[in-house]
2 protein chains.
Amino acid sequence: MRDTRAELLSQAETLVRGRGYAGFSYADLAEAVGIRKASIHHHFPTKVDLGAALVAAYAARYDAALVTIRAAVPDGPGRIASYGQLYLGGVEQGLGCLCAALAIEGEALPERLRGDVATFFEGHLAWLEAVLREGQVDGSVRSGPEPAVLARYVIATLEGALLMERLFANPAAFSGTLAVLVDGLRPQTR
Amino acid sequence: MRDTRAELLSQAETLVRGRGYAGFSYADLAEAVGIRKASIHHHFPTKVDLGAALVAAYAARYDAALVTIRAAVPDGPGRIASYGQLYLGGVEQGLGCLCAALAIEGEALPERLRGDVATFFEGHLAWLEAVLREGQVDGSVRSGPEPAVLARYVIATLEGALLMERLFANPAAFSGTLAVLVDGLRPQTR
DNA sequence: TATTACCTACCATTAAGTAGGTAGATCTTT
DNA sequence: AAAGATCTACCTACTTAATGGTAGGTAATA
């Protein structure tokens, strides 16, 4: 059995992450999957439905990774480093963040998708905030700034680095930025 | 006299920064400026021509600001803070970075524009690198990481913060991230 | 017998871009 | 200075291709 729906989601994700939401069409997707354009509507009646499914699947994958990281890595900076590694894959494949691609379209983006994207980021912010707070408590993360502030700073840096280093096809530079970011989160004793 | 060309550039910039390059059309622009669609082609024969003019004008405005900052602010962190303030305007107006909007479209973006966008970022990276190097020399910026690495980290953080905080319409959060960023650049003595 | 998963054929709309024209400003030549 | 020529900045009307989406059908499966 070939799971057409999954294939559609996979190819659509690649298209959106590579060219933006407005920048891909059902025709592109049909060609990528090897199915007729109209058949896509059977699985995803409208483009917004597809977009929402894309965000849901993307968020679910991230959520699983976040749980794993928290279980597998004990300290704050290590967890943030692992979180940053999740973005690195995008740089290596030349794909940006799905939600960044959607977010950039701002006012033109269907309301529903804008909400989904905001929810995605809010989830990450909540996870980061918890991780950073724990790190401050156990002493692995520098105290001072509020965890909520640090969380926004972390996600901004990684989203920005992904945007930049995908353009320059420079995974090493991404890793450099990640290292500076993580290092800056440790308690300062130099 | 009304400078139609300038008006076209201004409105087009707002459109691209608000909805992406693929997300706006000559029809949208015509309506925004109060001119017929075909007349736009008189000023900008193709959409790529318009896009390139947009990037050129945007880059020129930034370049002027960079020169001013370097002349008016003496220390490294102060200069980076001023640089970050340039992005804040976008958050407040609900507009993203023009070049980020273009960059996100990646492979779908006409070759020429991709080159122009890369040049834009390279110029900023060069400026940041020089500023950070000077800061390390005069002791206002922490030593350790290479200026080139720090430059990429700075621009990534600001581009990412603009992306995020525009979505959340949260200029205060942008300022929070900027503060963490700038603070982290100072020589650490806590 | 429904339902699923696909198909062909179509639709209305919108996209970027072109053709060709007009009114007014400006430059050139006598 | 007048006459003609050219240029600028816009227009209406159009083309071609692509967009998201629909209608309705078919073959296999549950």
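Given the structure is predicted, the values throughout are model-derived calculations rather than measurements. Throughout, protein chains are lettered first and strands after them, A, B, ... in sequence-line order, and every chain is numbered starting at 1.
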Taking only side-chain nitrogens and oxygens of [X], does any of them come within less than 4.0 Å of OP1 or OP2 of [N]?
X: A:H42; N: C:dA5; result: yes
X: A:S39; N: C:dA5; result: no
X: A:T4; N: C:dA5; result: no

[X] has an atom [atom1]; how far is it from atom [atom2] of [N], in whole Å?
X: A:E31; N: D:dA18; atom1: CD; atom2: C1'; result: 14 Å
X: B:R36; N: D:dC14; atom1: CZ; atom2: C1'; result: 14 Å
X: A:H43; N: D:dG20; atom1: NE2; atom2: C1'; result: 17 Å
X: B:E7; N: D:dA9; atom1: CD; atom2: C1'; result: 15 Å

Quick tally for nucleotides 15-22 of chain C: nucleotides whose base has a protein heavy atom under 4.0 Å get B, sugar-phosphate-only ones S, the rest -, giving SBBB----
Joining Ile, Leu, Val, Met, Phe, Trp and Tyr whenever any side-chain heavy atoms lie under 4.5 Å apart, the cluster holding A:L95 also takes in none
| request: For atom CD of B:E31, decide whether the heavy atoms of other residues, nucleotides or ligands shown that lie under 6.0 angstrom number more than 12. | output: no
How about B:R36: does its CZ atom have over 12 heavy atoms from other parts shown lying under 6.0 Å from it? no
Original post:
How about A:H41 and A:Y26: does a side-chain donor come under 3.5 Å of a side-chain acceptor?
Top reply: no
task: For the residue pair B:D49 and B:T46, confirm or rule out a side-chain donor-acceptor distance under 3.5 Å.
output: yes
TODO: Anything under 30° is parallel, anything over 60° is perpendicular, the rest tilted; go ahead and classify A:H124 against A:F120.
DONE: tilted
Out of D:dT12, D:dC10, C:dT8, minimum distance to the side chain of B:I35 belongs to D:dC10
